[in-house]
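Contents: one structure, followed by commentary.
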Amino acid sequence: MPSPVTRFAPSPTGFLHIGGARTALFNWLYARGRGGKMLLRIEDTDRARSTEAAITAILDGLSWLGLDWDGEPISQFGRAERHAEVAHQLLESGHAYRCYASQAELAEMREKARAEGLPPRYDGRWRDRDPAEAPEDVKPVIRIKAPKEGETVVSDHVQGTVAFPNKDLDDFVILRYDGTPTYMLAVVVDDHDMGITHVIRGDDHLTNAARQTAIYQALGWKVPEWAHIPLIHGPDGAKLSKRHGALGVEAYRAMGYLPEALRNYLARLGWAHGDEEIFSTEQAMEWFDLDAINKAAARFDFVKLQNLNGHYMRQAEDERLVDAMLAILPEMEAPPAIPQELSKTERGPLMMLMPGLKERAKTLVELAHSAAFLFAQRPIPLNEKAAAILDTEARSRLARLGDKLADAPWSEAALEETVRDFAEAEGVKLGKVAQPLRAALTGSNSSPGIFEVMLALGHEEALGRIADQASDKR
Ligand code: GLU
């Protein structure tokens with residue numbers, strides 16, 4: 001089989017939303033896994049709603065997700081002349097005709113259909129009429145001569161064989177009176193000219209596939225393979241809402257997800273390879289197949305995405321995580337106080353604690369919050385749990401511990417020994433000393449190991465933080 005050529009064809013009227021990202025991913029996996037190409041076509045024919053900002057956001061979103069495309073993105077609007085040329089070709093071959101129905105006539109047809117409870121249909125009144133009868137004051141549109149009898153069959157890798165009775169496909173417009181193409185014509189001409197072998201897109205386009213088939217057949221062009229993928233729903237099965245994940249890809253970046261985690265998650269959304277949940281992009285490319293895409297709508301599950309992200313965080317290089325975390329600080333909803341540019345002396349302690357910090361964080365945002373204590377100014381703020389741990393008894397114990405630590409050698413082993421000996425001398429379990437110590441050092445009840453934390457903070461800062469919480473009564 002020749003290598004497939006797929007395409008992602010977003011309309012630049014908004015961000016790259018999560019459903020679009022998954023469509024792009026499926027196209028990319030299918031092409032890349034088979035030595036094929038994925039092309040990018042910007043469907044910018046709706047001039048009023050298409051914006052440069054949206055195009056940039058879509059390209060940035062794809063790049064961040066690691067989805068690359070072959071060649072330059074193609075502007076659909078830029079191909080309008082070619083679309084018109086094909087419309088005229090259809091006119092000459094007798095597969096299309098000029099329609100002079102006035103706005104009033106069309107409105108009447110729509111009204112009649114509505115009264116009969118039918119979808120609006122053009123009644124074909126100019127299909128066989130002599131163009132010599134054309135009224136002078138009406139500019140014509142060009143309509144396709146759609147088949148009237150029988151059915152049009154869309155044979156789809158996901159939806160199976162779907163038959164559309166031809167009586168339901170009216171003679172739709174392919175070229176408007178001002179010479180601009182309709183979406184239906186532009187898509188067919190572009191897909192054909194770009195050599196697209198597989199059209200993989202949302203199943204909201206399934207009926208369009210029937211109409212587009214009529215155009216392909218009229219032109220004598222080969223119909224591409226179809227795969228119409230189900231939409232993504234919320235965890236409750238309802239249409240995906242903002243709260244449930246219907247967001248732009250950049251929002252996922254700002255929420256601290258890693259691109260490889262999102263790729264893995266989106267690949268599993270509506271597609272499966274056995275019971276595999278965690279897999280590399282290379283494996284996904286190798287395994288991905290259109291026939292294994294689920295026909296039912298997929299359900300978006302934030303908890304699953306978070307767990308997957310935690311897995312990829314633990315695997316990621318510390319340097320990269322620190323850079324990624326710093327990069328999204330300005331995008332976070334309530335960013336912790338961490339300087340975006342870290343000096344070497346600020347970065348060192350953070351790097352030292354990264355193995356412990358990334359173990360506990362499911363997202364880069366959680367990572368930032370759990371690392372923020374390193375950058376806090378004395379006296380550092382305490383969270384509720386830390387405040388509760390630091391009761392009168394704990395505070396006076398901290399004062400005695402502070403005295404011991406002041407003279408201890410500053411190494412992990414020596415600090416641990418000092419704290420253990422201290423707990424024993426006080427006749428309490430280690431936790432009774434370690435928890436107040438953690439609260440004083442980090443302002444929180446959870447952190448990487450406290451001896452590492454002390455090393456990272458350094459002698460002066462650590463003792464200072466302990467003194468800030470210790471009571472005068474020893
Ligand atoms: N531009 C269309 C959309 O964003 C996609 C058209 C297609 O894939 O054929 O929904």
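All ligand and atom numbering here is 1-based and tracks the order in the structure. Model, not experiment: these values are computed from the prediction.
- Judged as a side chain to side chain donor-acceptor pair (under 3.5 Å), and not counting sequence neighbours, the contacts of His205 are Tyr183, Asn208.
- Which of His17, Arg7, Gln212 comes nearest to atom 7 (C) of ligand 1 through a heavy atom is settled by distance: it is Arg7.
- Heavy atoms of Tyr183 approach ligand 1 to within less than 4.0 angstrom.
- From the protein, the heavy atom lying nearest to atom 10 (O) of ligand 1 is His205 NE2, 3.0 Å.
- By the 3.5 Å distance cut-off applied to N or O atoms, Ala9 is counted among the residues near ligand 1.
- If you look at Tyr265 and Phe300, their ring centroids are closer than 6.0 Å.
- No option in Arg32, Arg41, Lys37 other than Arg32 meets the salt bridge (Lys or Arg N to Asp or Glu O under 4.0 Å) test with Asp70.
- Note: Trp126 and Tyr97 fail the aromatic proximity criterion, with ring centroids not under 6.0 Å apart.
- Nearest residue to atom 9 (O) of ligand 1 from Arg201, Met184, Gln76, Glu43 is Arg201 (criterion: closest heavy atom).
- For Glu85, the salt bridge (Lys or Arg N to Asp or Glu O under 4.0 Å) criterion is met by Arg82, not counting sequence neighbours.
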